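Right, one structure below, let's go through it.
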2 protein chains.
Amino acid sequence: MPRSRTMNTSPVPVWGLGFLLSQVGAHAAARFAERLVPLNLTPPHVGVLGVIKHADGLSQQALGEMLCIFPSRLVGLLDELEERGLVERRDSPTDRRAHALYLTQAGRDALEKIGLIARELQDALCAALNKSEREQLAAFLTRIAAQQGLTSGVHPGYRKLGGAEPK
Amino acid sequence: MPRSRTMNTSPVPVWGLGFLLSQVGAHAAARFAERLVPLNLTPPHVGVLGVIKHADGLSQQALGEMLCIFPSRLVGLLDELEERGLVERRDSPTDRRAHALYLTQAGRDALEKIGLIARELQDALCAALNKSEREQLAAFLTRIAAQQGLTSGVHPGYRKLGGAEPK
DNA sequence: TATTGTTATACTCTATAACTATA
DNA sequence: TATAGTTATAGAGTATAACAATA
């Protein structure tokens, strides 16, 4: 009886594709967080920056809904980003209760660096795959994400509660 | 200029394959945890059960090293599994300080149910892919996991600190 | 003196609730 | 009366440190 080509040398059972997705995904997330440390940022910070970049002037309320982050949590994240000079809270022109969020130049620069980090990480993670395999993998994951109702750019790890989607 | 087939309808930027892996992986993990709730178990519990099944009689020390879990944390996890009647702490025959860990019949039954849950989840997660695509995806992820030094069955989420591998 | 498992404590992250000021 | 943002508080999960029994 022939052994399978990918022999299991581990002391523990294999839980299938679900486990594999989760395992590799957690690894990717950990490596990303690691590479953000020199920038003094965390993945949720990056999520916030990314949304503001593409929706300049939005309110904290709107931002929280997009990322499924509680308003109270956003306060801290934005405080940190503002301290570091990456984000500005301006007064909303239409509602004196609300803030309008903007990236500073430093914020845009940081996003550039983050994009570079993400590309380097992608290369490192996919070292085992050639170009066409990477494209296939991306296509598979994109289809899964779409079918599962995941929103592009919204990480379940930002979420409040069980990973609900933004409205 | 033709639009790509997988149009990005999101309010936020796409961070590439690393983000996609992490996003889909976190989703898979959340859905798995969700399906474990009726069994009154969490993913770390499952990791522990899986290792004990394949290394009956091992010590807490050894178990912790395999899963990269701190001994003090293991105490709580094992307390819960013992309370639920899934695991037994017997006296080690060779070292009166140590415990030898064993699954009960209920523990083995629970692992059966968990296996079923994992297979159902896999089907749900991969609804967008046909059989051969799932196999390709599994092959890609297995290669990535191997190249990245991940140990089969050891989830980075169990880990102490930055996702180090077991010795 | 080192190691096994335990307990007690602290720390990090996130959610909940209460509050202020506007609308 | 409801909403935007804030503050204060609490909870979950995990790491660190100190400890008793045994090696």
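Below, read A as the first sequence line, B as the second, and so on, with proteins coming before strands; counting in each chain starts at 1. Quick caveat, the model's predicted, so the values are computed rather than measured.
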* Separation of atom CG in Leu74(B) from atom C1' in dG13(D), rounded to whole Å -> 15 Å
* Structure fact -> Closest of dT6(D), dT6(C), dT4(C) to the Val75(B) side chain is dT6(C)
* Asked: Does the side chain of Gln61(A) get closer than 4.0 angstrom to OP1 or OP2 of dT3(D) through an N or O atom?
  -> no
* Mapping Thr42(A) and His99(B) to their closest nucleotides on DNA chain C, which lands nearer the 5' end? -> His99(B)
* Integer-rounded Å distance: dT7(C) P and Leu78(B) CG -> 12 Å
* Can you tell me if Glu82(B) uses its side chain to pair, donor with acceptor, with the backbone of Arg89(B) under 3.5 Å? -> yes
* **Spacing of Arg73(A) atom CZ relative to dC13(C) atom P, expressed in whole Å** => 9 Å
* Closest to side chain of Arg97(B), choosing from dT6(D), dT22(D), dA2(D) -> dT22(D)
* **Pair of N/O donor and acceptor under 3.5 Å linking dT14(D) base with Ser72(B) side chain** => no
* Asked: What is the distance from CD of Glu65(A) to C1' of dT3(D), rounded to the nearest Å?
  -> 12 Å
* **side chain to side chain contact (heavy atoms under 4.5 Å, CB included) partner of Val48(A), the single match among Thr42(A), Leu86(A), Leu81(A)** => Leu81(A)
* To do: Can you figure out which of dT6(D), dT6(C), dT4(C) approaches the side chain of Arg89(A) most closely?
  => dT6(D)
* Sidechain N-carboxylate O distance under 4.0 Å for Arg108(A), Glu112(A) -> no
* To do: Taking atom types as modelled, find out whether Gln122(B) and Arg134(B) have a side-chain donor-acceptor pair closer than 3.5 angstrom.
  => no
* Rounded to the nearest angstrom, tell me the gap between atom CG in Asp95(A) and atom C1' in dT3(D). => 8 Å
* Asked: Given atom CD of Gln60(B) and atom P of dA21(D), what is their separation to the nearest angstrom?
  -> 17 Å
* How many Å lie between CD1 on Ile69(B) and C1' on dG13(D), as a whole number? -> 12 Å
* Asked: Looking only at N and O atoms, is any donor in the side chain of Arg96(B) or the base of dT22(D) less than 3.5 Å from an acceptor on the other one?
  -> no
* To do: Step by step, work out the side-chain contact (heavy atoms from CB on, under 4.5 Å) result for Leu41(A) and Arg84(A).
  => CA-CA 10 Å; Leu41(A) 294 174; Arg84(A) 293 157 174 67; 4.1 Å; yes
